[in-house]
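Lettering of chains follows the sequences in order, A, B, ..., and the numbering in each one begins at 1.
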2 protein chains.
Amino acid sequence: MELQELNATEQKILSAAKDVFVEKGFDGARMQEIANKAGINKALMHYYFRSKDNLFNAIFKEAFYQFIPKLGENFKSDKPLMVKIEQFVVDYIELIKAKPHIPLFVLHELTRNQDFEEKMLIDNDNIPVNDWMESVIKAIEREEIIPVDPKHLLVNMVSMCVFPFIGQPILNVLIFNNDRSAFNDFVEERKVHIVEFIRNSITTKPKS
Amino acid sequence: MELQELNATEQKILSAAKDVFVEKGFDGARMQEIANKAGINKALMHYYFRSKDNLFNAIFKEAFYQFIPKLGENFKSDKPLMVKIEQFVVDYIELIKAKPHIPLFVLHELTRNQDFEEKMLIDNDNIPVNDWMESVIKAIEREEIIPVDPKHLLVNMVSMCVFPFIGQPILNVLIFNNDRSAFNDFVEERKVHIVEFIRNSITTKPKS
DNA sequence: GTCTATAAGTAGATAGAC
DNA sequence: GTCTATCTACTTATAGAC
């Protein structure tokens with residue numbers, strides 16, 4: 001989306017579209033439901049956005065970059081690695097807590113639409129994985145942490161933050177006996193737990 | 001599904017249905033495509049399975065229990081916890097490698113269909129989370145591992161095994177530059193890496 | 001059991017009045 | 001810009017011949 005002005009109607013449509021697409025997925029979403037939720041009719045949606053595909057693309061890019069955290073500023077800094085990891089884990093869990101359905105939605109749609117790579121045109125500059133790699137290697141050289149593969153460490157960290165939200169329906173049944181507040185408490189605990197779990201695994205300091 | 005006899009046609013339909021539903025999801029799947037893939041026509045599908053919903057339910061339960069690993073035999077044993085963890089990680093990654101699209105499919109459909117709990121009638125006996133909990137607590141008492149919340153440890157372990165497959169399209173772009181064999185190597189490495197990562201974090205032995 | 005033909009309903013999209 | 005009414009295509013499902 002360009003940085004053009006959006007009138008109130010367009011904004012209402014986009015907001016409703018995002019709600020419905022995220023909840024139902026592209027295939028399950030109905031233009032009629034989006035129109036109803038936006039308080040207008042279908043014809044007006046097609047006036048602003050020519051097709052369902054167009055409308056979807058308009059909301060997906062934003063959802064995608066909501067899911068891909070901006071590691072940039074954090075990892076380019078010169079703080080100790082564990083400080084950066086703690087900041088990432090806390091911020092990322094907080095982010096997903098606010099929009100818990102975004103990760104599953106994004107990943108499902110990416111799998112559905114194989115040629116997304118061209119569409120999304122992910123610019124690796126915006127998502128500086130290389131900064132993360134260097135950051136870990138430096139920490140190893142400084143002997144802040146023991147030798148560890150930066151890619152696996154990154155995937156471990158992200159997995160442990162995101163997966164509970166994607167697997168929530170199963171966790172709710174198998175672990176929390178459908179007690180919704182128990183799940184929320186659990187996620188809150190993870191901000192501390194994940195950092196400690198990683199720290200115990202990779203830091204050179206003796207354990208307490 | 002009961003353990004009744006299934007004729008060849010039914011099996012062809014079920015097999016085709018599973019392929020299409022898992023690839024496209026319920027909303028994206030078309031009965032016509034399933035019929036084509038099974039080498040029959042739509043009418044015959046409706047003769048055996050009354051509706052799309054019926055056909056879906058027939059394949060979903062199997063997919064679900066393919067995704068939920070049977071921890072039973074493993075965790076009821078009296079082996080050291082790290083031995084059990086290693087066995088779980090290796091077996092589970094091998095399982096998902098064989099059917100890499102099952103996890104995202106199952107989780108997406110569970111989210112789509114809120115009342116699945118009644119439908120699936122998950123019997124907690126088959127999925128003995130309690131055995132895992134006791135197993136961890138025993139290991140803490142024996143001082144094989146340091147004190148750690150069994151629930152978080154379970155979620156950590158499962159997350160690190162499953163998430164790479166769910167997030168594969170993103171990992172492929174951000175980390176592996178679309179080199180598919182690099183992803184496969186990465187997953188293979190994780191069988192060892194995850195176990196070591198957990199061992200370093202929770203065992204009482206000094207690090208090497 | 002297996003097929004062809006078709007019914008009934010719904011989806012996305014457009015025409016055209018205001 | 002916003003609406004009502006409608007078109008066209010597609011989807012699930014069924015009727016009925018063999």
Side-chain angles (χ1 to χ4, degrees), chain A residues 1-61 63 105 108-109 112-113 115-116 119, chain B residues 1-61 63 105 108-109 112-113 115-116 119:
Chain A
M1 295 295 292
E2 322 297 333
L3 284 180
Q4 61 195 354
E5 293 287 320
L6 297 180
N7 67 36
T9 304
E10 276 178 294
Q11 290 183 356
K12 274 192 293 183
I13 294 172
L14 283 172
S15 171
K18 195 172 177 183
D19 286 353
V20 174
F21 277 129
V22 169
E23 185 190 344
K24 305 281 178 72
F26 180 86
D27 291 324
R30 294 292 166 255
M31 297 294 268
Q32 184 64 59
E33 187 179 356
I34 296 175
N36 291 345
K37 190 165 262 184
I40 50 128
N41 59 36
K42 284 190 294 183
L44 198 52
M45 277 180 13
H46 281 89
Y47 170 78
Y48 281 109
F49 306 88
R50 241 182 40 240
S51 66
K52 186 180 182 182
D53 267 292
N54 264 346
L55 184 53
F56 179 81
N57 290 337
I59 67 101
F60 185 68
K61 201 160 193 173
F105 165 70
H108 177 255
E109 297 302 330
R112 183 182 64 84
N113 192 353
D115 55 334
F116 82 98
K119 280 192 184 176
Chain B
M1 296 295 293
E2 320 299 333
L3 285 180
Q4 60 196 355
E5 294 288 320
L6 296 180
N7 68 35
T9 304
E10 276 177 294
Q11 290 182 356
K12 274 192 293 182
I13 295 172
L14 284 172
S15 170
K18 194 171 178 184
D19 286 352
V20 175
F21 277 130
V22 169
E23 185 191 344
K24 305 279 178 73
F26 180 87
D27 291 323
R30 294 291 165 257
M31 298 294 269
Q32 183 64 61
E33 187 179 354
I34 295 173
N36 291 345
K37 189 164 262 183
I40 49 123
N41 59 34
K42 286 185 296 182
L44 198 52
M45 278 181 9
H46 281 89
Y47 170 79
Y48 282 108
F49 306 88
R50 240 183 41 243
S51 65
K52 186 179 181 183
D53 267 292
N54 264 346
L55 184 52
F56 179 82
N57 290 337
I59 67 100
F60 185 69
K61 201 160 192 172
F105 165 69
H108 177 255
E109 296 302 331
R112 183 182 64 83
N113 194 353
D115 55 334
F116 82 99
K119 280 192 182 173

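The nearest whole Å value for the distance from the NZ atom in A:K52 to the P atom in D:dC10 is 15 Å. Regarding A:M31, its CE atom lies at a distance of 16 Å from the C1' atom of D:dC7, rounded to whole Å. D:dG1 atom P lies 12 Å from atom CG of A:L6, rounded to whole Å. Rounded to an integer number of Å, the gap from A:E10 CD to D:dG1 C1' is 11 Å. As a whole-Å value, the separation of A:Q32 CD from C:dT10 P is 12 Å. Here D:dT12 presents its P atom at 12 Å from CG of B:N36, a figure rounded to the nearest Å. One atom, CG of B:D53, and another, P of D:dA13, lie 7 Å apart when rounded to the nearest Å. Atom CG of B:D27 is separated from atom C1' of C:dT10 by 14 Å (rounded to the nearest Å).
Of the residues in residues 41-48 of chain A, A:N41, A:A43, A:L44, A:Y47, A:Y48 come within less than 4.0 Å of DNA chain D through at least one heavy atom, sorted by number.
Inter-residue side-chain proximity for B:L55 and B:L14 is flagged as met; some heavy-atom pair is nearer than 4.5 Å. A:I40 places a side-chain heavy atom less than 4.5 Å from the side chain of A:M45. Residues A:D53 and A:F26 form a side-chain contact, since some pair of their non-hydrogen atoms from C-beta on lies under 4.5 Å apart.
Of the possible polar contacts, none joining the A:K37 side chain to the A:S15 backbone as a donor-acceptor pair under 3.5 Å is found.
Neither OP1 nor OP2 of C:dG12 sits under 4.0 Å from any side-chain N or O of A:S51. Under 4.0 angstrom from either OP1 or OP2 of D:dT12 there lies at least one side-chain N or O belonging to B:R30.
Using a 4.0 Å heavy-atom cutoff across all strands shown, A:A29 reaches sugar-phosphate atoms only and no base atom.
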Requested in this report: Tell me, with the steps shown, if A:R30 and A:K52 meet side-chain contact (heavy atoms from CB on, under 4.5 Å).
Outcome: CA-CA 9 Å; A:R30 294 292 166 255; A:K52 186 180 182 182; 4.0 Å; yes
